[in-house]
Amino acid sequence: MAVLTSASGILSLLDEPQPDLQVYALQNLNNLVNEFWAEISDSVAKIEILYEDPQFSQRELAALVASKVYYHLGELDDSVTFALGAGKFFDLTEKSEYVDTIISKCIDKYIEQRTRQPENEAEIDSRLQDVVERMFQRCIDDKEYEQGIGIALEARRLDVVKTMIEKGSPSKLLPYVLEVCMTLVQNLDFRNQVLRLLVSLYHELQEPDYISISQCLVHLNDHSACNELLQGLIEKDQELMAYQIAFDLEESATQDFLLKIIKELPQPETTQEEGSDKPASGPFQKIRSILSGEETIRLHLEFLYRNNHTDLLILKNTKNALEPRNSMYHSAVTFANAFMHAGTTIDEFLRQNLEWLSRATNWSKFSATAALGVIHKGQLAQSMNLLAPYLPQEGGNSSSVYSEGGSLYALGLINANHGTGVLDYLKNALKDTQNEVIQHGACLGLGVAGMATDNEEIYEELKNTLFSDSAVAGEAAGLAMGLVMLGTANGEVIEEMLQYAHETQHEKIIRGLAVGMSLIMYGKEEKADTLIDQLLDDKDPVLRYGGIYTIAMAYSGTGNNKAIRRLLHVAVSDVNDDVRRAAVTAIGFILLRNPKQVPRIVQLLAESYNPNVRYGAALALGISCAGTGYLDALELLEPMTKDPVDFVRQGALISQAMVLIQQTDATNPKVAGVRKQFEKIISDKHEDSMAKFGAAIAQGIMDAGGRNVTISLVSRNGHANMPAIVGTAVFTQFWYWYPFTHMLSLAFTPTAVIGLNKNLETPKFEFVSNARPSLFAYPPQIKPPSATVVEKVATAVLSTTAKAKARAKKSEKEKGDMMDVDKEQPAAASSSTAAAPSKEDTKEEKPKKKREENFEVLQNMARVVPAQFKYISFKEESRYTPLKKSNVGGIVMLLDKKPGEKEDLIQPSAPSGDGSGASSAEEEAQPFEPFEYPFED
């Protein structure tokens with residue numbers, strides 16, 4: 001058979017007048033086009049004429065051939081146009097590169113038109129619609145549901161998403177859609193529509209997934225539906241599930257959201273507890289105490305107190321190495337101690353070093369007092385008593401305005417995000433003082449305690465402070481206004497703040513307002529674009545800085561490409577170093593859910609000639625990769641710890657600690673080296689003070705919360721962890737103002753498995769970690785330096801003395817040998833085979849190294865680090881099993897297989913407001929009674 005070497009013969013048939021010959025030519029060309037497209041392209045005009053001729057019977061075939069020619073010529077838009085004209089001749093099931101490319105281009109075009117005109121189908125080319133519909137059908141036929149859902153979500157086709165889920169396996173596809181919706185769907189309104197659909201589909205499952213429903217409702221900010229869900233579960237006698245959802249809501253919802261649910265719950269009812277005179281709280285009362293944060297805080301406090309593994313020697317060595325008269329060093333040790341003991345209530349280091357503490361002056365005294373708020377974080381009931389010695393007194397006779405201001409800030413930190421009990425006190429404290437230092441502390445306290453409460457009264461009080469135009473008080477007021485109005489996108493508030501920022505002359509106030517405005521737009525995505533444009537176009541660099549943080553807060557955790565492109569543009573083009581630094585730092589917030597992308601994006605920026613950009617790159621890595629231990633991030637940070645500029649070294653050291661928090665030598669090879677590096681920098685007399693400050697804070701971060709917390713900006717349920725993100729954003733402002741360092745404590749998340757029974761008590765039960773114990777063990781405590789033995793100076797010995805000693809030694813030895821022989825005689829008589837001991841016997845037997853088990857049995861309330869969760873399993877024969885089937889971590893409700901039997905409960909040991917706590921009384925009387933700082937101004 002002859003091999004065809006040219007298509008010219010067939011092409012000549014196109015010039016024939018008979019339509020049959022032209023159809024024959026097109027049929028052959030369709031088969032030959034992949035081989036002879038270059039030759040056919042010269043005659044493509046003739047093929048197009050046939051397609052455009054309404055009298056020609058095979059117009060669609062002509063369109064297909066023309067489409068293939070244009071495809072090979074690289075003219076994809078023309079190719080798509082003719083493919084659409086080919087109608088049924090364009091076969092979507094054909095497995096070829098041409099078909100895949102054209103389908104892909106059609107889908108892109110369809111998505112583009114749908115996103116531009118989501119409501120108006122009439123605007124979209126019906127032929128394009130037909131190709132996409134056929135594509136969806138192909139996905140259903142091939143059971144490629146996930147692919148179909150992906151296209152439908154991009155094209156905003158809710159009807160198709162629903163069809164795909166129903167045709168496939170809803171229980172498998174729903175979690176997939178939820179994850180994709182939260183990570184990839186960029187449009188906020190459409191995302192909310194998808195979440196509404198998911199709520200209805202989750203309800204329709206044979207076993208409704210209430211936990212996922214509650215997650216969707218939090219994203220939708222629908223407190224009424226959450227309230228109905230909780231009440232419905234109680235009515236169905238599914239109390240455990242209601243409690244579990246309440247704990248999940250407390251972890252991921254805002255204060256305002258939780259308070260609204262609490263308000264709508266039925267009034268408290270009490271029942272009599274079996275075998276007890278004490279009334280037991282009913283289910284709604286329990287839900288109230290969970291949603292108010294009371295239960296979570298109590299359990300976390302108990303966990304952190306019980307498992308505290310802080311190494312005080314690290315703190316002691318750092319304190320001894322850093323000159324206490326330098327306020328910057330004093331503050332560094334204060335912050336390190338606060339972080340290491342965050343939430344543990346243990347202030348042993350402060351008690352041991354009262355003399356050192358008394359050297360704090362002015363603002364370092366403010367920070368030192370505020371540190372108590374971090375150490376006692378969560379002691380809601382005790383907060384006023386703990387801080388009583390430092391809080392402003394009614395008579396106005398104060399020992400130090402700095403410790404008074406610091407104590408008000410501490411009060412806010414203790415009640416962070418749960419401030420219902422102290423907001424009135426803080427508001428009055430702000431109203432009753434004219435001192436700017438006390439106002440500063442009161443404003444910060446109000447901001448942290450009243451976070452996201454949308455409280456008009458507090459906002460007005462803060463506004464009055466702002467209008468007094470004091471730089472120190474105004475900076476805190478501007479920031480606190482943003483914290484109180486967090487995520488409300490209140491246009492009126494934004495306008496007032498922006499107007500005042502343009503009027504005032506104080507840079508501090510402008511900065512406070514700029515960061516405050518960014519917080520108001522938290523999570524608002526494209527709704528914040530107008531404000532972002534306005535701020536980024538401002539001639540004042542401080543307001544442009546605020547614009548950058550508005551992008552970071554509005555798009556945090558979304559991975560939005562438009563936001564990243566904008567940040568990268570500003571990072572290389574703005575004339576102001578602060579704005580450029582902020583732009584690079586903000587990338588870390590945008591990519592919270594995709595930390596692996598960050599090292600690649602900031603790689604070049606980390607080598608920038610501009611030290612501010614390098615610093616921003618370091619922080620971006622620390623923020624996005626916090627707690628992950630990613631080696632790619634650490635490899636970028638390592639050279640920055642030796643950077644010629646001191647503040648870049650500082651940023652790199654802090655970020656290293658953020659990445660390596662809760663990592664061990666076994667899970668990450670860099671841990672030991674990084675710890676040694678921190679020590680070396682702190683003890684090096686020639687090192688710059690900024691780098692030493694960074695290393696001290698880094699030590700605190702690495703061992704935070706008694707080595708029992710991680711920095712978690714995304715919660716276990718996949719929600720953006722709002723207090724953590726906001727706390728980290730304000731922490732990055734320590735560049736300008738050291739007291740903001742304490743805000744990082746909002747991001748500290750205890751890592752534990754805490755199992756609860758139906759009475760919200762902690763029963764004793766065991767579970768298994770299927771990994772060798774050393775893999776996730778606490779780091780060993782550092783050993784104190786061994787006492788050096790002072791060698792005696794050798795004394796002169798006379799020769800006669802030496803001879804006399806030698807003779808005495810010899811006679812003693814002979815005596816000893818005779819005694820040995822006497823002892824051995826009986827044995828020799830009884831055993832004729834007695835032989836001299838062999839060399840092997842005389843050697844001391846070395847103790848054999850015990851082989852490590854490849855699993856570990858853990859008790860309730862044990863530390864389980866994030867990387868360890870995948871190794872956790874629950875014993876089948878155990879009395880208790882977790883209610884949650886997946887993602888078991890944090891506070892977990894337990895199903896009791898033997899409900900009638902008596903339970904063995906873990907007794908609380910942490911100090912609490914009612915004086916309970918088993919071991920606290922034994923250790924010392926009134927263990928956490930406040931003590932006076934003998935401060936001197």
Side-chain angles (χ1 to χ4, degrees), residues 511 514-515 518 532 535-536 541-556 559-560 563-592 594-595 597-626 630 632-659 690-691 693-694 697-698 701 711 713 725 728-737 740-741 743-744:
R511 182 170 295 108
V515 178
S518 74
I532 291 168
L535 290 172
L536 288 182
V542 182
L543 287 174
R544 293 206 299 279
Y545 177 91
I548 293 296
Y549 268 92
T550 309
I551 296 177
M553 293 295 95
Y555 289 98
S556 62
N560 187 291
I564 292 168
R565 277 200 301 275
R566 195 155 193 184
L567 291 171
L568 289 170
H569 173 69
V570 174
V572 295
S573 66
D574 201 278
V575 293
N576 184 276
D577 280 341
D578 288 355
V579 179
R580 294 178 69 177
R581 186 182 69 247
V584 188
T585 304
I587 292 170
F589 287 105
I590 307 292
L591 291 170
L592 287 177
N594 319 86
Q597 288 184 21
V598 181
R600 187 172 50 81
I601 289 176
V602 302
Q603 189 170 5
L604 289 174
L605 296 167
E607 295 164 10
S608 166
Y609 71 91
N610 185 321
N612 282 274
V613 172
R614 298 201 295 276
Y615 181 94
L619 277 194
L621 289 164
I623 290 162
S624 60
C625 304
Y630 280 153
D632 289 356
L634 293 168
E635 274 161 22
L636 279 182
L637 289 167
E638 211 167 317
M640 285 197 261
T641 61
K642 301 175 182 71
D643 197 276
V645 180
D646 55 357
F647 65 76
V648 177
R649 294 202 294 282
Q650 181 194 76
L653 293 167
I654 289 171
S655 291
Q656 272 186 330
M658 290 172 83
V659 175
M690 286 188 90
F693 181 86
I697 288 184
I701 292 170
I711 293 174
L713 303 190
I725 291 170
T728 308
V730 181
F731 162 73
T732 60
Q733 311 307 315
F734 82 87
W735 173 276
Y736 304 100
W737 193 236
F740 289 147
T741 309
M743 289 283 191
L744 188 63

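This one's a predicted model, so the numbers in the text were calculated from it and none came from an experiment.
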### Query
Roughly how far, to the nearest 0.5 Å, is CD1 of I701 from CD1 of I711?
5.5 Å
### Message
I need the R544 CZ to D574 CG distance, nearest 0.5 Å.
### Response
4.0 Å
### Query
If you look at every heavy atom in Q656 and E638, which pair is closest and at what distance?
NE2-CA, 4.2 Å
### Query
Are I725 and M553 side-chain neighbours, meaning at least one heavy-atom pair lies under 4.5 Å?
yes
### Message
Once rounded to the nearest 0.5 Å, what's the spacing between atom CG of N612 and atom CG of L605?
### Response
12.5 Å
### Message
Among residues at least two apart in sequence or on other chains, which ones pass ring-ring contact (aromatic ring centres under 6.0 Å, His included) with F731?
### Response
F734
### Message
I want to check a possible cation-pi pair here: R581 against W735, using under 6.0 Å from ring centre and within 45° of the ring axis as the test.
### Response
yes
### Query
To the nearest 0.5 Å, how far apart are CD1 in I654 and CZ in F693?
7.0 Å
### Query
Can you find a pair of side-chain heavy atoms, one from L568 and one from V572, that are under 4.5 Å apart?
no
### Message
When you compare the side chain of I551 with that of N560, does any pair of heavy atoms fall below 4.5 Å?
### Response
no
### Task
Verify, without hydrogens or angle tests, whether S655 (side chain) and A652 (backbone) share a donor-acceptor contact under 3.5 angstrom.
no
#### Entry: Any donor-acceptor pair under 3.5 Å from T585 side chain to L619 backbone
no
### Query
Does the side chain of R566 reach to within under 4.5 Å of the side chain of I532, using non-hydrogen atoms?
yes
#### Entry: Test item: I623 and T732 side chains (from C-beta on) under 4.5 Å apart, heavy atoms
yes
### Atom of A729, atom of Q733 and distance for their closest heavy-atom approach
O-NE2, 3.1 Å
#### Entry: Atom of M640, atom of R614 and distance for their closest heavy-atom approach
SD-O, 3.5 Å
### Message
When you measure from the side chain of N594 to the backbone of Q597, do you find a donor-acceptor pair of N or O atoms at a distance under 3.5 Å?
### Response
no
### Message
Could you tell me if the side chain of L536 sits less than 4.5 Å from the side chain of I548, heavy atoms only?
### Response
yes
### Summary
Rounded to the nearest 0.5 angstrom, the CG-CG distance for L592 and L713 is 5.0 Å
### Query
Distance from I564 atom CD1 to Y555 atom OH, nearest 0.5 Å?
11.5 Å
### Query
Just wondering, do Y615 and V584 contact through their side chains at under 4.5 Å, heavy atoms?
no
#### Entry: Minimum heavy-atom distance between P595 and S624, given as atom pair plus value
CB-O, 3.3 Å
#### Entry: Beyond-backbone contact of Y736 with D578, side-chain heavy atoms, under 4.5 angstrom
yes
### Query
Hey, is the main chain of D643 close enough, under 3.5 Å, to the side chain of R649 for a donor-acceptor pair?
yes
### Query
Within the distance-only criterion (no hydrogens, no angle test), does the side chain of Q650 pair as donor or acceptor with the backbone N or O of D646 below 3.5 angstrom?
no
### Task
Please name the pair of heavy atoms, one in A571 and one in R580, separated by the smallest distance, quoted to 0.1 Å.
O-NE, 2.8 Å
### Task
Specify the closest pair of heavy atoms between P639 and L636, including all atoms of both residues, with the distance to one decimal.
CD-O, 3.4 Å
### Task
With sequence neighbours excluded, tell me which residues meet side-chain hydrogen bond (donor to acceptor under 3.5 Å, both in side chains) with S518.
none
